[in-house]
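Worksheet for the structure shown next.
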Amino acid sequence: MILLLVPSDITHVAPVEDMALYAACKTRHPYGDAPHLKGVLITAPGVLFVVPDSLFVRLIEADALVIAFWRMVAAGVLTAVGLFVWQGIAPFRAVLKTGAAGVVYVICTGLSGVLFVLAVAHTSVANVVFIVASMPVFAMIFSRVFLAEPITRRMLMTILAAAAGLGIIAYGSGETEGASWKGDLTALVVSAMFAAGLAAARPVRHVSMVAALW
């Protein structure tokens, strides 16, 4: 039992659980939930790398599947070497213990990596980037269906706005040079596949899935 001073200056006896809650409130990040903010700060620069990545893929004069193969091999090897040097084999063991969630994540991210290159090869880079940006919409849907997470009114409005935007992109593909509805559809599958992988990994979010990329 621990004594805590409450705002009314009345001293009372509180259980250890109350003490933990009190400490959590005291250490809460001033700008909101710290893990959420950290995720946003990591995601933002990551998204910015998608644009130059798409441009480089488009500039390489080779078959799309060949580009996809070497692109994923390079990313996997560099990731594996970096993790092994800094953290040893612990991250790889942790991923292997995630079971079915880890398998779904690996399959979805792997296929989305291949399809991403195919999408860039068959439609404009702008279309691919904007369509892949619909990933949060698919993530919301999958989280609702498989994880029973609620969809708020704001999320529903986002889904409708994204659907309208995708419709505009699809309509313009027939009039834009270098764009194709086949490439657009492939990019849409990329968005859905990667979102499915993220939804599968959410139940095991205590494990870093970076090691699964190798």
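Residue numbers run from 1 in the order of the sequence given. Keep in mind the model is a prediction, meaning the values are calculated, not measured.
Between K182 and L185 there is no side-chain heavy-atom pair separated by less than 4.5 Å. Proximity of V104 to C108: side-chain heavy atoms (C-beta onward) are separated by under 4.5 Å at one or more points. Looking only at side-chain heavy atoms (C-beta outward), L188 and F138 come within less than 4.5 Å of each other. In this structure the side chain of V66 reaches within 4.5 angstrom of the side chain of W70, judged on heavy atoms. Inter-residue side-chain proximity for L65 and L118 is flagged as met; some heavy-atom pair is nearer than 4.5 Å. Between M209 and T109, the closest side-chain pair of non-hydrogen atoms is not below 4.5 Å. By the 4.5 Å heavy-atom criterion applied to side chains, R71 and V57 are counted as neighbours.
Taking OG from S143 and CG from L198, the interatomic distance works out to 8.5 Å, rounded to the nearest 0.5 Å. One distance of note links CZ of F130 with CG of D184; it measures 12.5 Å at 0.5 Å rounding. To the nearest 0.5 Å, the span separating CZ on R153 from CD1 on I151 amounts to 14.0 Å. Distance check, rounded to the nearest 0.5 Å: CZ of F116 to CD1 of I67 gives 11.5 Å.
Residues V95 and A211 share a closest heavy-atom pair of CG2-CB, 3.7 Å. Minimum interatomic distance between L147 and A199 (heavy atoms only, all atoms of both residues): CD1-O, 3.7 Å. Of all the heavy atoms in F142 and A195, the pair that sits closest is CD1-C, 3.9 Å. The minimum heavy-atom distance linking A212 with V106 is given by the pair CB-CG2, 3.8 Å. What you find for F92 and F84 is that their closest heavy atoms are CE1-N, 4.3 Å. Taking each heavy atom of T158 and V137 in turn, the nearest pair found is O-CG2, 4.4 Å.
No chain of hydrophobic side-chain contacts below 4.5 Å, direct or via other Ile, Leu, Val, Met, Phe, Trp or Tyr residues, connects M72 to L78. Using a 4.5 Å cut-off between side-chain heavy atoms of Ile, Leu, Val, Met, Phe, Trp and Tyr, with links allowed through other members, M193 and V103 fall into the same hydrophobic cluster. Following chains of ILVMFWY side-chain contacts shorter than 4.5 Å, one cannot reach V204 starting from L96, and the two form parts of different hydrophobic clusters.
The closest side-chain donor-acceptor pair between S191 and S134 falls under 3.5 angstrom.
By the side-chain hydrogen bond (donor to acceptor under 3.5 Å, both in side chains) test, E149 pairs with R202, sequence neighbours left out.
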Practice task
Please step through side chain to side chain contact (heavy atoms under 4.5 Å, CB included) for the pair M140 and I159, ending with a clear verdict.
Solution key: CA-CA 9 Å; M140 284 189 289; I159 292 175; 3.7 Å; yes
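A donor-acceptor pair under 3.5 Å links the side-chain atoms of T123 to the main chain of S180, judged by distance alone. Between the side chain of T152 and the backbone N or O of M155 there is at least one donor-acceptor pair closer than 3.5 Å.
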